[in-house]
Structure formats: C-alpha cells, structure tokens
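Remember, it's 1-based here, ligands and their atoms both numbered in the order they're listed. For clarity, every value in this text was computed on a predicted model and none was experimentally measured.
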Amino acid sequence: MIVAIDGPSGTGKSSTSKAVASQLGLSYLDTGAQYRAMTWWMITNGVDVNDPAAVATAAAKPVLVSGTDPAGPTITVDGADAAVPIRTQEVTSRVSAVSAVPEVRTLVTELQRSIAAAAVGGIVVEGRDIGTTVLPDADLKIFLTASPEARAARRSGELTGKEAVDVAVTRAALVTRDAADAGRKTSPLAKAADAVEVDTTDLTLQQVIACVVTLVEEKRAAG
Ligand SMILES: Nc1ncnc2c1ncn2[C@@H]1O[C@H](COP(=O)(O)OP(=O)(O)OP(=O)(O)O)[C@@H](O)[C@H]1O
Ligand SMILES: Nc1ccn([C@H]2C[C@H](O)[C@@H](COP(=O)(O)O)O2)c(=O)n1
C-alpha cells in the first residue's frame with residue numbers, strides 16, 4: 001500500500017500522514033524535510049541558493065538519509081542530525097528556490113522512489129509532487145487543501161514568545177511559498193487527476209486522520 005499525500009503548506013500533510021501511518025502500520029516519508037535538508041546544506045556550505053547553476057553543481061554532494069518510522073521520523077545530512085536546523089525561518093524562506101532546481105529534484109526524487117520501494121510493508125509519502133511525479137502509480141492519492149486563513153492560524157498557533165509573528169505575516173509568507181512551489185517548471189505543487197481532494201478548513205485534525213484512514217481501508221478492501 002503506497003499512499004501519496006500532497007497539498008500546500010499548512011494543510012496538515014505531516015500531522016495526518018504520521019498518524020495514518022502509525023495507525024495502519026505503514027512507514028512514513030516527509031519529502032519536504034529532504035528539500036529542507038538540501039537547502040540547509042547549501043546555506044551551511046556557502047552556496048548561493050539564488051544561483052540555480054551553483055545549486056545544481058553542488059546538489060550531489062550532501063548525503064541525505066531519512067528514517068521512516070512514523071513515531072520518530074529522522075533526517076540526517078552527512079551523518080549530522082538535521083531535524084532542528086531544517087525548521088528555521090532562514091531555511092523555510094529559501095527552500096522553494098533550492099527545490100525548484102531540476103538537478104535537485106532529479107536526485108531527491110530518485111532517493112524518494114528508492115525509499116518507497118524498500119518499504120515492503122507500505123508507506124505514506126507526503127509532499128507536493130508525490131501523486132503527479134514521484135509515485136504516479138500510488139495505490140491512493142490524497143490532496144489536502146485549506147483556506148490560507150485557516151493555515152495561517154494553525155501555523156501561528158505553533159509559535160510562542162519571541163518567535164510569535166502576526167497571522168497576516170504568516171499568511172503572506174505561506175501564500176508566497178505556495179505560489180513559488182506551484183509556479184516552478186519542474187514537478188510543481190499540483191493535484192493529480194486521480195487524487196481525492198479533502199478540504200480540511202473546517203475539519204479537526206482527528207477528522208482528517210479518520211477520513212484518510214477510511215479511504216485507505218476502502219482501497220485495501222477493494223483490492
Ligand atoms: N485539521 C486541522 N485542524 C487544526 N489544526 C491542524 C489541522 N491539521 C493540521 N493542523 C495543525 O496545523 C499545523 C500544520 O500542520 P502540518 O505541519 O501537518 O502541515 P503540513 O501540510 O505538513 O505543512 P508543511 O507543508 O508546511 O510542512 C500543525 O500545528 C498541526 O497540528
Ligand atoms: N515533494 C516536495 C516536498 C517539498 N517540496 C518543497 C516545497 C516546500 O516549500 C518545501 C518544504 O516543504 P514542507 O516541509 O513545508 O512540507 O519543500 C517540494 O518541492 N516537493
């Protein structure tokens with residue numbers, strides 16, 4: 001059972017995918033974490049992320065390793081734990097530029113396919129182009145959506161103290177990132193023609209998880 005979950009930022013892909021994978025005994029892959037890890041490596045190694053040729057030349061250098069246990073997914077770069085540094089604002093603001101470079105996408109897509117092929121018990125893979133490009137033969141494809149207002153409110157709720165930013169600022173940042181991800185030439189953020197769209201705006205996370213679990217079980221029963 002291969003489940004592809006795509007959608008814009010903050011629609012609940014990671015939370016839903018991890019919970020669904022845990023409940024159903026499947027592996028879990030966060031492909032956004034891989035693009036973030038690539039971006040972090042570029043920044044750390046002084047590569048100009050706004051220079052696609054420089055990014056393309058460097059893309060094969062970092063060794064990315066993803067752990068696929070949904071109870072504790074991991075990501076390392078050249079053996080170093082990258083789980084925390086890939087979530088900084090600096091990485092978030094630069095990841096769309098790095099992930100738009102075709103050479104980066106070719107390498108990361110190959111890695112994702114090899115991880116999915118090795119997950120003999122099945123896997124939930126979440127990202128932007130999983131149903132359209134990475135795993136077009138996935139058994140089930142889901143495309144999560146939510147209004148920009150709902151997504152910004154969710155994201156702002158995660159930040160406290162010094163980190164806290166205005167909801168309007170969060171909304172503007174995620175709309176800008178979605179536009180870059182949907183507008184790039186190579187495997188943009190898109191809904192596959194055969195994906196089931198789930199609008200999560202007015203659903204709780206538990207309702208979204210239950211909905212996706214039901215869709216997977218229906219697919220298994222049919223299949
Ligand atoms: N249906 C929901 N209702 C309320 N909050 C939700 C819902 N789904 C997810 N959340 C919360 O919204 C935030 C973003 O969720 P999550 O990280 O799963 O989204 P995402 O689509 O993976 O985002 P990104 O693509 O930016 O990584 C989290 O704090 C999560 O707990
Ligand atoms: N399959 C994917 C997954 C992610 N990306 C890019 C675009 C996102 O802005 C960025 C970070 O993803 P997130 O951690 O927010 O899910 O990575 C992509 O191009 N393709």
Side-chain angles (χ1 to χ4, degrees), residues 4-21 28-40 42 49 64 66 70 73 75 82-83 86-102 104-113 115-116 124-136 138 141-160 167 170-171 173-190 192 198-212:
I5 302 190
D6 291 301
S9 170
T11 49
K13 298 180 301 297
S14 300
S15 320
T16 304
S17 300
K18 272 188 274 192
V20 168
Y28 161 70
L29 178 62
D30 177 355
T31 63
Q34 296 174 319
Y35 286 105
R36 286 172 177 275
M38 181 69 87
T39 304
W40 176 61
M42 297 283 168
V49 297
L64 310 184
S66 297
I75 179 93
I86 64 169
R87 302 290 164 192
T88 61
Q89 274 308 313
E90 185 178 21
V91 171
T92 301
S93 65
R94 294 172 178 213
V95 64
S96 292
V98 171
S99 61
V101 175
V104 169
R105 299 208 72 81
T106 299
L107 285 162
V108 177
T109 297
E110 282 310 310
L111 176 62
Q112 292 161 356
R113 287 180 179 151
I115 292 168
V124 181
V125 184
E126 56 116 338
R128 303 293 190 289
D129 63 336
I130 310 306
T132 53
T133 303
V134 178
L135 300 166
K141 300 178 188 177
I142 312 273
F143 194 79
L144 296 184
T145 63
S147 70
E149 290 71 27
R151 295 188 284 128
R154 292 172 189 173
R155 279 273 172 249
S156 294
E158 290 173 343
L159 305 172
T160 52
V167 180
T170 306
R171 183 189 185 286
L174 65 83
V175 167
T176 301
R177 185 149 64 98
D178 290 344
D181 295 340
R184 67 174 174 244
K185 273 195 182 153
T186 311
S187 59
L189 158 66
V198 179
D199 183 347
T200 71
T201 306
D202 297 317
L203 300 179
T204 65
L205 177 56
Q206 290 311 316
Q207 287 173 322
V208 180
I209 294 164
C211 169
V212 175

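Close N/O approach between E126 and ligand 2 is not found [any backbone or side-chain N/O within under 3.5 Å]. For R128, a nitrogen or oxygen atom sits less than 3.5 Å from a nitrogen or oxygen atom of ligand 2, counting backbone and side chain alike. No N or O atom of V208 sits closer than 3.5 Å to an N or O atom of ligand 1. Any N or O atom pair closer than 3.5 Å counts here, and Y35 shares no such pair with ligand 2. Residue R36 has no N or O atom closer than 3.5 Å to an N or O atom of ligand 1. Checking only distances, R177 does come within under 3.5 Å of ligand 2, N or O to N or O. The N/O atoms of S15, backbone and side chain alike, include one that comes under 3.5 Å of an N/O atom in ligand 1. Considering backbone and side-chain atoms alike, D129 places an N or O below 3.5 Å from some N or O of ligand 2.
Between the S93 side chain and the E90 main chain, a donor and an acceptor come within less than 3.5 Å of each other. Between the side chain of K141 and the main chain of L135, no donor-acceptor pair closer than 3.5 Å is present. Looking at T200, its side chain does come within 3.5 Å of a backbone N or O of T145 through a donor-acceptor pair.
Atom 13 (C) of ligand 1 has as its closest protein heavy atom E158 OE2, 3.2 Å. For atom 3 (C) of ligand 2, the nearest protein heavy atom (residue, atom name, distance) is T31 OG1, 3.3 Å. The protein heavy atom nearest to atom 12 (O) of ligand 1 is R154 CB, 3.2 Å. For atom 6 (C) of ligand 2, the closest heavy atom belonging to the protein is S99 OG, 3.6 Å. Protein heavy atom nearest atom 9 (C) of ligand 1, with residue, atom name and distance: G12 CA, 3.7 Å. Atom 9 (O) of ligand 2 has as its closest protein heavy atom D181 OD2, 2.7 Å. In terms of protein heavy-atom proximity, atom 20 (P) of ligand 1 is nearest to K13 N, 3.5 Å.
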Between D30 and E126, is the side-chain contact (heavy atoms from CB on, under 4.5 Å) condition met? List the steps.
CA-CA 6 Å; D30 177 355; E126 56 116 338; 3.5 Å; yes
Would you check, one step at a time, whether the test side-chain contact (heavy atoms from CB on, under 4.5 Å) holds for Q34 with L111?
CA-CA 9 Å; Q34 296 174 319; L111 176 62; 3.7 Å; yes
Checking R184 against D129 for the salt bridge (charged side-chain N to carboxylate O under 4.0 Å, His left out) test, could you report, in this order, the C-alpha distance in whole Å, the side-chain angles of both residues, the deciding distance, and whether it holds?
CA-CA 12 Å; R184 67 174 174 244; D129 63 336; 5.0 Å; no
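Not close to ligand 1: G7, with no non-hydrogen atom less than 4.0 angstrom away. Residue-ligand proximity: R184 is placed with a non-hydrogen atom under 4.0 Å from ligand 2. Distances from ligand 2 to the non-hydrogen atoms of R94 include no value under 4.0 Å. Ligand 2 lies less than 4.0 angstrom from a heavy atom belonging to R105. Look at R128 and you'll find a heavy atom under 4.0 Å from some atom of ligand 1.
A side-chain donor from one of S9 and R177 sits under 3.5 Å from a side-chain acceptor of the other. Checked by atom type, the side-chain pair R105/T186 shows no donor-acceptor distance below 3.5 Å. Looking only at atom types and distance, the side chain of S96 has a donor-acceptor partner in the side chain of D181 under 3.5 Å away. No side-chain donor from either of R36 and S99 sits under 3.5 Å from a side-chain acceptor of the other. In the model, S15 has no side-chain atom that pairs as donor or acceptor with a side-chain atom of R154 under 3.5 Å.
Ligand 2 places these atoms under 4.0 Å from at least one heavy atom of R87: 14 (O).
Between I115 and S66, some side-chain heavy-atom pair lies under the 4.5 Å cut-off. Using a 4.5 Å cut-off on side-chain heavy atoms (C-beta onward), V134 and V125 make no contact. Looking at L203 and V198, their side chains come closer than 4.5 Å, going by heavy atoms from C-beta outward. Counting only heavy atoms from C-beta outward, the side chains of L189 and F143 approach each other to under 4.5 Å. Between R151 and D178, the closest side-chain pair of non-hydrogen atoms falls below 4.5 Å.
With L203, D178, D181 as candidates, the residue nearest to atom 3 (N) of ligand 1 on a non-hydrogen basis is L203. Across the listed options R155, R87, Q207, R155 owns the non-hydrogen atom lying nearest to atom 26 (O) of ligand 1.
If you look at R177 next to ligand 1, the close heavy atoms, those under 4.0 Å, all belong to the side chain. Of all the heavy atoms of M38, none lies under 4.0 Å from any atom of ligand 2, so neither backbone nor side chain is involved. Residue T204 touches ligand 1 through its backbone alone, judged by heavy-atom distances below 4.0 Å. Under 4.0 angstrom from ligand 2, the non-hydrogen atoms of R36 all belong to its side chain.
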